[in-house]
Structure formats: structure tokens, C-alpha cells
Amino acid sequence: MKRTKINLLLERDAGLEDVLVNGWVRTRRDAKTFSFIEINDGSALKNIQVIADATLPNYDDIRKLSTGSAVAIRGVLAPSQGGGQKWEIQAKQVEIISLAPESYPLQKKRHTDEFLRTIAHLRPRTNKYGAAFRIRSELSYAVHHYFRERGFRYIHTPILTGSDCEGAGEMFRVTTMDLAAVPVIDKHTDYSADFFGTEANLTVSGQLSAEMFALSLGDVYTFGPTFRAENSNTRRHAAEFWMIEPEMAFCDLEGNMDLGEDLIKHLIGFIMDHCPDDLELFARFVDKKLRGTLDNIVNSSFVRLPYREAIAILEKSGRKFTYPVSFGLDLQTEHERFLTEQHFKKPVILYDYPKSIKPFYMRVNDDQETVAAMDILVPSIGEIIGGSQREERLAVVEARMNEMNMEKEPYWWYLESRMYGSVPHSGFGLGFERLLMLITGISNIRDVIPFPRTPGSIDF
RNA sequence: UCCCCAGUAGCUCAGUCGGCAGAGCAGGUGGCUGUUAACCACCGAGUCCGCGGUUCGAGUCCGUGCUGGGGAGCCA
């Protein structure tokens, strides 16, 4: 007999004479002539209650069922005789697939996130983490759904890259060389002996590759893992995370901002519509203000503010900031928080940043002083999107690379895209985990990634 | 990498001025009950993070290391 998942049983209108449910025991309560067993199979937040009567042949064993044990229950789906749930299963057969010993670490009470991180292989069996990872799955689907509906193509950009200067971030080196005996020529590593015959790293962004496909297929996006070897020890950073990077041909900065705002609103709305139970858990137990935060984002127009005006607002605010504010300096966390949490109290899109603090590929504005960059900042999380209109003029992008003392040779292919049919185009990167943090109210990025990788930590 | 905080039973924590190691939950046993974080009684449970120091005596004070957390920087 094929098993039926609990989420489908719980939403039924009518009972069933014979069903099979497989899952894990969350708790067992014994009455005089029968036991209540609550089963969860991960398909939903809710458990299903099983009534196991003392007349069952293996009732003695059933009475020993411990939290975490795996079972197969066959029985009747019937209206519950007690309050608290609509349906229950009156068991005709209880097969114990495996009995969890008393050392099972998850108890029927609240655990701290810090403890659960030490048992990351078991934590998805808890209500909170089960809900978080169901939402993560739905959110991934929603990303693909959103772009597909709008004619975007999904591009698998490389994870291994030969460039060591894609971005400012530190990169993870990829090598097959024996690190105890690295070949050296003139005190420098001889990468010609390595697997690719040159230095190789893990990607920090699929953007440059995605641009090539935007200039071919029109509107494209990437959605995959990204790696940063920064020694960042914060609740918002991980060494391995997922990023969504749309790239649009024939699109300027305004169109880019439109997409970023619409994407965020749509994805949040999708989860509100499709994961009400899981979201409710976070609104009740993790962040009491979550509903208000999400409603505010979905219903408000994001503020669009040139960097120059943001500086003026900060200067006039009368606030004493730890870090200085003036044109040419990047905004610090305290400044971003002031703008989104105090001044506007909603998401803010900052754009037209000084070119001196932004990378070579961003399009230089007519003022020659700023570039067509945009960051979307949200309350509590901070920067969730960073993007720009790309510099499509060959001479300008080459001049920028010269200014920054960049070696142009590795980018020959990137520069050729500006020689052959170059067009205005734009894109951005959206931090998938940061969006998940925003949607769930989970405050640590390590808790929205199945097995998080951070400096000094690669267990599981 | 820098600053701050924490580390005591399986888990969450208390431990006063430096003087016998504690509670709740979990687990075990028994009881009660269409229960639902069930309830009641009893029982077992410790490298007080490691190392060194001060002291008659250190969970407690000092130094150092490790681990975890928060903040900052960097960024998504």
C-alpha cells in the first residue's frame, strides 16, 4: 500500500477506511486502554494523532515508542473524538520501523538555536526548522516561477572560475596540487602544474557570465551557490550561500529597480499565500512583528533615493554616527539602519553611488562622478539586493579598468561583448538566505541554511 | 580581524562575600487520565570548557587557550 502524506490527510473533507502513514513519533501519551501517538512526516508543520488500542498485538512495544522513532501506521482516518484536531487515525496496525533510544537529543520542549546548530543533521525534525526548510523550498520554486512567467531564461553559470579578481571579495582556491609540495618558480606558485593549468577559484558571482547570456537570450537569471572566503563572523554572512542574479538586456537602472522591488514583493506574497501554517509559526514564536514587517514591504512603494540625497538626509538628521558621512564614503550599517528603520520605516533603494567606491562594470553617469548602481535596503536585514546598470561602452569600461589598475587580459571575452552588438543592460544580485531571514524573522543566516559553512566551521 | 558576553547534569539555567554541586525539563519505575509541551509520586544522572596560577580551601578570583553568541568591518 502506498503511503499518504500527512498534509494531504489533514486537509481532507471526508474520512478514509484504509490509509498508510509513515513518519516519526513526536510524542506519545498513554491512556488506560490505548495510546495517543503523534506522528510527523515532514510534509506539514502539523502532526497527525494516532489512536493505538491496547488490543493491538504489539501493544506492549507500542507503549515503548519513544520520541524520534520511525513508524508505519495503517488504519482508519476518522473524525477526532477529542478536541484540538479534526482528524485522527484509528490504527489497525502499528509497525515499528526503528526505535529511537533515549539518547535522542530532540526533546518535547524548546531548544536553543545554538544547541540545534550542533545537531544540524537532526534539527529539520523540529517544528521551527522543518517550517524554515519547507519555506526555503517553496521560495526556490517561487523564484523560478516568477522568472519563467516573465520570459527569463535560467542560466547555469560556472562554479569553478579561472579569474581571481571577479570581485573585491576573498575567493576560495581550487587545486588538485599536493599542498605539502607545491611547485614553485621564482618564489611564486607554478599553477601551470595544476589541474586547469592556471589558478582556479570558486565563484563569487555569476554576473559576468550571466551578462553574456543576457546579450544573447535577452532576459536571464542565475540561481545557485556562491562562495566568499571573507573572514566574516556575523549573523548575516556565510562562506557558502545562494544568490539570485537576474540580468536584462535593453534595460536601464530604473527598469532594474522596478524588477528588484517587484521580485521581493512577489516572493514574499507567494510565501504568505502558499505557506500560511509555517509562516504563522514564525509570526507567533520567532518574531512577533513579522506580519507587520511583511505587510509593510508588500504594500508600500520602496523609497528611491539618490546616494547624494541620502547623504544630505544623514547630515541633517542631527544624529551622532560613529562613522563619518560625506560624499565619496560608503554608507555604514548604522547609516543604512537609520534610513530604513528610523527615517523612512520601509525599504529604500539607494542609487547613483560615487564611482570611486563601486566596481569597474557599473555604468558611469553623465556627471562623470557617479555610477548607475542601486542597493535595496530593508529594515533589520540591511542590504538585500545590490545591482547596477552595466557599462556597455567599450572605451569607458576599459578606462575604468585602467583607473583601477586591473589586468584586462583575463577579461578579453567580457570586453568583446562590448565590441559586438553591445547594448544597455542591467542586473542585480539578491541574497537568497537574506530574503529567507526577512520572510521568517530568523535572525541568524546559519539557521536558514541546511548545513551552514562559516569561518572555522564545516561540520556535517 | 577587532570589541563585548557566555561556557555548571542529556537540554534550559540558578549557584549570594571564596567554604558540602542545585532546580525545571528529558530519561527510568509506578499511578491516573479522550490525551494533546498531559498530570502526580519516586529514582538515577556532573572532567562546573582545557591548562596554569593565587589561596588553608576555587564553579566562584587572576592569566592563557578553545568553543559558542552578539556587535563592527567586508558584503549578498
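Keep in mind that this is a model prediction, so the values were computed, not measured. Chain naming here is simple, since letters A, B, ... match the order of the sequence lines and numbering starts at 1 in each.
- Side-chain N/O atoms of A:Gln107 include none lying less than 4.0 angstrom from OP1 or OP2 on B:A37.
- Aromatic ring centroids of A:Phe223 and A:Phe147 lie 6.0 Å or more apart.
- Nearest nucleotide to the A:His237 side chain, out of B:C75, B:U35, B:A72: B:C75.
- Of the P atoms belonging to B:C49 and B:A76, the separation is 40 Å, rounded to the nearest Å.
- Between A:Leu215 and A:His425, the closest side-chain pair of non-hydrogen atoms falls below 4.5 Å.
- At a threshold of 4.0 angstrom between heavy atoms, the contacts of A:Asp30 include nucleobase atoms, whether or not backbone atoms are also involved.
- Atom CD1 of A:Ile62 and atom P of B:U35 are 20 Å apart (whole Å).
- Contact annotation for A:Ile51: base contact, defined as any heavy-atom pair under 4.0 Å involving a base atom.
- In terms of polar N and O atoms assigned as donor or acceptor, the side chain of A:Ser232 never comes within less than 3.5 Å of the base of B:C75 in a complementary pairing.
- At a threshold of 4.0 angstrom between heavy atoms, the contacts of A:Glu240 with the nucleic acid are absent.
- Across all strands shown, B:A21 has no partner, as no Watson-Crick or G-U wobble contact with both distances under 3.5 Å is found.
- Note on A:Thr322: every side-chain N or O is 4.0 Å or more away from OP1 and OP2 of B:A72.
- Between B:U12, B:A76, B:G34, one nucleotide has an atom nearer to the side chain of A:Thr112 than all others, and that is B:U12.
- Side-chain nitrogen and oxygen atoms of A:Arg236 include at least one within less than 4.0 Å of the OP1 or OP2 phosphate oxygen of B:A72.
- Residue-level contact check: A:Glu334 touches neither bases nor backbone, having no heavy atom under 4.0 Å from any strand.
- Here A:Phe227 lies out of heavy-atom contact (under 4.0 Å) with every strand.
- B:G71 and B:A14 have their C1' atoms separated by 27 Å, given to the nearest Å.
- Ring stacking holds between A:Phe241 and B:A76, with the centres under 5.5 Å apart and the planes within 30 degrees of each other.
- Here A:Tyr104 lies out of heavy-atom contact (under 4.0 Å) with every strand.
- A:Gly82 comes within contact range of at least one nucleobase, with a heavy-atom separation under 4.0 Å.
- Taking atom C1' in both B:A37 and B:C75, one finds a spacing of 40 Å when rounded to whole Å.
- Searching all strands for a Watson-Crick or G-U wobble partner of B:C32 with both distances below 3.5 Å returns nothing.
- Using a 3.5 Å distance cut-off with no hydrogens or angles, the side chains of A:Asn256 and A:Asp258 do not pair a donor with an acceptor.
- Between A:Ser137 and A:Ser140, the side chains place no donor N or O within less than 3.5 Å of an acceptor N or O (distance only, hydrogens not considered).
- No hydrogens or angles considered: a donor-acceptor pair under 3.5 Å links the side chains of A:Glu211 and A:Gln207.
- Under 4.0 angstrom from either OP1 or OP2 of B:C25 there lies no side-chain N or O belonging to A:Arg110.
- Rounded to whole angstrom, the span from the CD atom of A:Glu230 across to the C1' atom of B:G73 amounts to 10 Å.
- Remark: the A:Asp41 side chain and the A:Asn22 side chain contain no N/O donor-acceptor pair separated by less than 3.5 Å.
- A:Ile445 comes within contact range of at least one nucleobase, with a heavy-atom separation under 4.0 Å.
- Across all strands shown, B:G73 forms no Watson-Crick or G-U wobble pair with both key distances under 3.5 Å.
- Partner assigned to B:G27 is B:C43, using Watson-Crick or G-U wobble distances below 3.5 angstrom.
- A close approach under 4.0 Å does not occur between any side-chain nitrogen or oxygen of A:Gln81 and OP1 or OP2 of B:U35.
- Using modelled atom types and a 3.5 Å distance limit, the side chains of A:Ser388 and A:Arg390 yield a donor-acceptor pair.
- In this structure, a donor-acceptor pair under 3.5 Å is present between the side chains of A:Ser205 and A:Glu245.
- Considering only side-chain N and O atoms, A:Ser103 lies nowhere under 4.0 angstrom from the phosphate OP1 or OP2 of B:G10.
- Contacts of A:Glu433 with the nucleic acid, taken as non-hydrogen atoms under 4.0 Å apart, are absent.
- Residue A:Arg446 contributes atom CZ, which lies 8 Å from atom P of B:G68 at whole-angstrom precision.
- Using a 4.0 Å heavy-atom criterion, one finds that A:Phe36 contacts the bases of the nucleic acid, with or without backbone contacts as well.
- Within the 4.0 Å cut-off from OP1 or OP2 of B:C74, not a single side-chain nitrogen or oxygen of A:Asn233 is found.
- Here B:U12 is the nucleotide among B:C75, B:U12, B:C74 with the atom lying nearest to any side-chain atom of A:Phe115.
- Distances from the side chain of A:Gln332 to the nucleotides B:G34, B:C74, B:G69 place B:C74 closest.
- Contact annotation: A:Arg29 reaches the phosphate of B:A38 (side-chain N/O to OP1 or OP2, under 4.0 Å).
- Within the 4.0 Å cut-off from OP1 or OP2 of B:A38, at least one side-chain nitrogen or oxygen of A:Thr27 is found.
- For A:Asp330, counting side-chain heavy atoms from C-beta on, the closest listed nucleotide (B:C11, B:U33, B:C75) is B:C75.
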